[in-house]
Every structure is written in structure tokens, then in C-alpha cells.
Amino acid sequence: MQTKSASTQVGVHDLIARRWSCRAFDATKPVSREQIVSLLEAARWAPSCFGDEPWRFIVWDKNSDAAAWQKAFDCLGEWNQNWVKNAPVLVLTTAHSLFRRDGSPNRWGQYDTGAAAENLCLQAVASGLMAHQMGGFDVDKTRSTFNIPKEFALMAMIAVGYQGEPEVLNDNEELKELELAARARTALGVHFFEGDWGIPVKS
């Protein structure tokens with residue numbers, strides 16, 4: 001089983017180091033209702049501007065409602081369908097474009113929803129699960145299929161489940177290569193600055 005712990009310049013929390021986006025899921029292992037609720041609780045306690053909680057998540061559990069899961073799966077792009085077929089849970093993250101408190105535009109809603117999604121992903125690691133976020137899905141079809149109001153921006157689908165062996169991807173060599181490839185990030189000072197724009201932060 002691939003572990004792929006992040007190679008960092010200084011130590012970070014183990015949950016962060018171990019979080020990565022696998023594509024090989026174990027189709028034989030369901031995610032329990034308690035685990036699903038735990039993931040959503042983690043998302044629920046994310047920070048948000050004015051405590052507005054702009055996120056709305058939809059969950060589809062293949063083991064409790066296969067028909068609904070299939071509808072969500074059918075909204076994914078073909079590339080993602082190749083590997084998501086083994087993931088027992090799908091989650092859609094959406095962001096409210098208006099503040100609940102007064103109906104004014106909330107330009108931080110998508111930012112806050114991203115924080116909630118990352119909380120979910122870290123809780124997945126803590127629960128022995130894997131979570132893989134995706135942008136490759138048909139937004140219009142998803143909105144129509146699941147009656148999502150127009151004021152909510154559809155942000156990402158997340159596949160959740162237990163990690164499987166890379167061999168489950170044997171029918172697609174490109175996917176298997178991605179699964180086995182080493183993790184990488186650009187050097188810290190390329191995207192993180194100190195004092196002024198473009199001045200690399202020093203570790």
C-alpha cells in the first residue's frame with residue numbers, strides 16, 4: 001500500500017504529511033455511517049467569515065443508496081469515472097454566494113468552503129480513509145440532477161473510501177503510473193513570500 005508521506009523542510013503534523021489523493025480505492029470496504037458523519041462534523045467546524053457557514057455538502061453513499069450514488073457518478077467526467085467507480089462515497093461541496101445574515105454578496109464563501117473541505121480530508125486521514133477532491137464533473141448536469149439553487153457555486157466532488165492496492169488500476173496504465181508516482185511540490189520560496197511580493201520566505 002502506498003503511503004507517500006510528504007517530504008517537508010521542517011516537521012508538520014502527521015495528518016498533513018500523510019494526506020494525499022489516491023485513485024486506487026478498495027471497492028469491498030464500505031465507509032460506516034459514523035465515519036461519514038465524522039467527516040461532515042469536521043467540515044462543519046471549519047472557520048467562516050462572520051460565522052456564516054456558506055458551505056452545503058451533498059453525500060452519496062453507494063452502500064446505502066446505490067441509485068443516488070450512480071446519479072452523482074454519472075455527473076463525473078470520463079477520466080474520473082475510470083477510478084471513482086471503486087469509491088463507496090461521493091461528496092459534493094457547494095458555496096453560497098450570499099450572506100445568510102443580510103443577503104449581501106459573500107466573496108469569502110468559496111474560500112470558507114475550501115477550508116471546510118480540507119477539514120473533511122484531514123478527518124478522513126485520521127479515520128484511516130482517503131479523500132480525493134475533483135473538479136472534473138459536469139456542473140450544469142449536477143445542478144439540474146440534484147436541484148441545487150442558482151446562488152450556490154458547485155466547487156468540487158470528493159471521492160472517499162479505503163485505499164486499495166494499485167493493481168485495481170491495472171486496466172489503465174496512466175492512472176496506475178499516477179498512483180505510484182512520488183509526491184512533489186515546488187520549493188517553498190517559489191509560492192510563499194516574506195515582506196513583499198516575490199521575496200522568497202526563508203526556512
Side-chain angles (χ1 to χ4, degrees), residues 2-23 39-58 76-77 79-80 83-84 91-126 129-140 142-143 148-160 174-175 177-203:
Q2 296 286 101
T3 54
K4 292 195 181 185
S5 185
S7 176
T8 58
Q9 291 182 215
V10 297
V12 299
H13 196 283
D14 184 56
L15 286 178
I16 297 169
R18 290 193 293 116
R19 187 223 61 79
W20 67 284
S21 302
C22 83
R23 292 179 176 86
L39 296 176
L40 302 180
E41 279 287 3
R44 183 166 77 106
W45 288 97
S48 62
C49 183
F50 295 120
D52 203 73
E53 303 173 52
W55 49 76
R56 304 291 187 277
F57 288 20
I58 306 177
L76 295 172
W79 169 255
N80 286 326
W83 56 270
V84 173
V91 180
L92 174 69
T93 67
T94 77
H96 204 318
S97 61
L98 305 173
F99 280 113
R100 286 183 298 159
R101 61 194 216 139
D102 60 9
S104 64
N106 180 2
R107 78 175 188 88
W108 301 277
Q110 295 184 14
Y111 178 89
D112 294 340
T113 298
E118 181 64 0
N119 269 18
L120 183 152
C121 291
L122 292 176
Q123 182 61 38
V125 177
L129 300 167
M130 298 292 271
H132 186 130
Q133 301 178 79
M134 302 166 280
F137 66 99
D138 187 322
V139 169
D140 292 336
T142 306
R143 186 183 299 280
I148 300 168
K150 67 181 187 307
E151 61 267 24
F152 288 87
L154 280 61
M155 304 307 301
M157 286 269 206
I158 309 175
V160 179
E174 188 176 358
L175 281 172
E177 286 178 17
L178 287 169
E179 190 73 2
L180 296 172
R183 292 175 68 194
R185 289 291 188 275
T186 54
L188 189 68
V190 174
H191 294 155
F192 296 87
F193 309 140
E194 188 167 7
D196 204 349
W197 186 266
I199 300 175
V201 69
K202 295 177 181 178
S203 59

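If you read the sequence from its start, that first residue is 1, and numbering goes on from there. Being a predicted model, the structure only gives us computed values, none of them experimental. Excluded from the calculations below are hydrogen atoms, water molecules and symmetry mates; all remaining heavy atoms, backbone and side chain alike, are included.
- In this structure, His132 contributes its side chain and Cys22 its backbone to a donor-acceptor pair below 3.5 Å.
- Applying the 6.0 Å contact sphere to CH2 of Trp45 captures no more than 12 heavy atoms from other residues, nucleotides or ligands.
- Distance alone, capped at 3.5 Å, places no donor-acceptor pair between the Thr93 side chain and the Ala117 backbone.
- For the residue pair Ser48 and Glu53, no side-chain donor N or O sits within less than 3.5 Å of a side-chain acceptor on the partner.
- Judged by distance alone, the side chain of His96 and the main-chain N or O of Pro54 form no donor-acceptor pair under 3.5 Å.
- A distance of 12.0 Å separates CH2 of Trp55 from CG of Leu120, quoted to the nearest 0.5 Å.
- Going from atom CD of Glu174 over to atom CD of Glu179 covers 13.0 Å, rounded to the nearest 0.5 Å.
- Side chain of Arg100 to backbone of Asp52: a donor-acceptor contact under 3.5 angstrom is found.
- Seen from the ring of Phe50, Arg101 counts as a face-on cation partner, given the 6.0 Å and 45° thresholds.
- Using a distance-only test at 3.5 Å, with no hydrogens or angles considered, no donor-acceptor pair links the side chain of Thr94 to the main chain of Ala153.
- Within 6.0 Å of the CD atom in Gln110, the count of heavy atoms belonging to other residues, nucleotides or ligands does not exceed 12.
- A donor-acceptor pair under 3.5 Å links the side-chain atoms of Lys4 to the main chain of Ala181, judged by distance alone.
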Under the criterion side chain to side chain contact (heavy atoms under 4.5 Å, CB included), I'd like the reasoning laid out for Val139 against Thr142: C-alpha separation, chi angles, the key distance, then a yes or no. CA-CA 5 Å; Val139 169; Thr142 306; 5.8 Å; no
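- Side chain of Trp20 to main chain of Thr3: a donor-acceptor pair is present (N/O by atom type, distance under 3.5 Å, no hydrogens or angles).
- Applying the 6.0 Å contact sphere to OH of Tyr111 captures no more than 12 heavy atoms from other residues, nucleotides or ligands.
- Using modelled atom types, no side-chain atom of Arg185 and backbone atom of Thr8 make a donor-acceptor pair closer than 3.5 Å.
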